[in-house]
Amino acid sequence: TQANGDPVLPGELLRERFRGVIADPAVLGMLLAGVYVVASFAQIAIGLLLDRYPMKQLYLGVVALQAPLFVAAANADGWTLYALQIAFMVAVFGAIPFTDAMIVRYVDDRMRWRVSGMRLAVAFGVSSLAVWMLGPLVKTAGFDSSTARSSIRPPIVAGPMFLNFKPGNGSAGAVDAAGAGAGRWP
């Protein structure tokens, strides 16, 4: 919040956190576009790694990076914030390919189109609602607390997997001769 108690809007936050570094909104917009361009390549990198390494180990690594990066970004400013934005968006975007990889490996070919269709319907429905709600929520809570709250989700997601983690329980491409998944989480 600002000194007068009003919430800080995201655009104002970037302008405030980059004060003395960059003041032009067009340059800030280009910097943010750069964050998303760099982060989008994480999906390609993770896709390539999924062909070579066990899915569970990769997923745990990607999710484990998110919480400390969110906490650090909530308390950063200037170029440090920018570097942390790139890092946490790489971790967030890097988690995207796992859903599709699990569908391909573990869902029978005859059901895959239904599962993929339901996943997309839910994703578009939830993301539409999230975009609609995000502005007012961040405006009310502020960027610092919203980012700090985002750091709570990765441990909740990864916690049960860490409890069940056994190194070496599965291999990259755990697929049987018919091309179906081995039926277990590698």
Side-chain angles (χ1 to χ4, degrees), residues 1-23 25 27-47 49-50 53-102 123 126-165 167 185:
T1 59
Q2 298 175 8
N4 64 2
D6 292 337
V8 177
L9 298 174
E12 294 171 5
L13 174 74
L14 289 175
R15 185 179 62 211
E16 184 177 310
R17 296 260 181 115
F18 276 87
R19 183 170 290 152
V21 180
I22 297 173
V27 174
L28 286 173
M30 292 300 291
L31 287 172
L32 288 175
V35 168
Y36 289 111
V37 167
V38 171
S40 66
F41 283 102
Q43 294 180 41
I44 295 170
I46 291 294
L49 291 172
L50 280 169
Y53 299 100
M55 186 185 309
K56 187 174 183 179
Q57 292 173 344
L58 283 173
Y59 189 66
L60 287 173
V62 169
V63 172
L65 287 173
Q66 291 179 8
L69 291 171
F70 281 132
V71 169
N75 300 307
D77 59 358
W79 290 109
T80 305
L81 173 65
Y82 186 70
L84 288 167
Q85 281 181 326
I86 291 173
F88 78 67
M89 289 309 296
V90 163
V92 168
F93 278 40
I96 294 171
F98 289 98
T99 305
D100 294 321
M102 282 189 277
V126 171
S127 65
S128 300
L129 182 63
V131 168
W132 176 73
M133 291 175 55
L134 186 62
L137 288 175
V138 171
K139 184 176 181 180
T140 302
F143 178 77
D144 294 342
S145 64
S146 297
T147 305
R149 277 191 218 118
S150 295
S151 68
I152 295 169
R153 182 186 56 85
I156 292 170
V157 170
M161 291 190 321
F162 277 116
L163 294 174
N164 191 32
F165 182 71
W185 178 255

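Note that the coordinates shown come from a computational prediction; the quantities given were computed from them, not determined experimentally. By convention here, the first residue in the shown sequence is residue 1.
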Checklist entry - What distance separates Phe41 CZ from Phe93 CZ, expressed to the nearest 0.5 Å? => result 12.0 Å
Item to check | Pairwise distance CG(Leu31) to CH2(Trp79) - rounded to 0.5 angstrom | outcome: 5.0 Å
Checklist entry - How close do Pro97 and Gln43 get, heavy atom to heavy atom, and via which atoms? => result CG-O, 3.7 Å
Item to check | Plane angle bin for Phe88 and Phe70 - parallel if under 30°, tilted between 30 and 60°, otherwise perpendicular | outcome: tilted
Item to check | Distance, nearest 0.5 Å, that separates CZ of Phe98 from CG of Leu60 | outcome: 9.0 Å
Checklist outcome for this item: Correct closest heavy-atom pair for Ala91 and Leu65 would be CB-CB, 4.3 Å
Checklist entry - Given the rule in the side-chain contact (heavy atoms from CB on, under 4.5 Å) test, do Val38 and Met89 qualify, once you have shown the distances and angles that lead to the verdict? => result CA-CA 9 Å; Val38 171; Met89 289 309 296; over 6 Å; no
Item to check | Nearest non-hydrogen partners of Leu50 and Met55, listed with the distance | outcome: CD2-CG, 3.8 Å
Item to check | Nearest atoms (heavy-atom pairs only) where Ala76 meets Leu84 | outcome: CB-CD1, 3.7 Å
Item to check | Minimum heavy-atom distance between Gln66 and Val92, given as atom pair plus value | outcome: NE2-CA, 3.7 Å
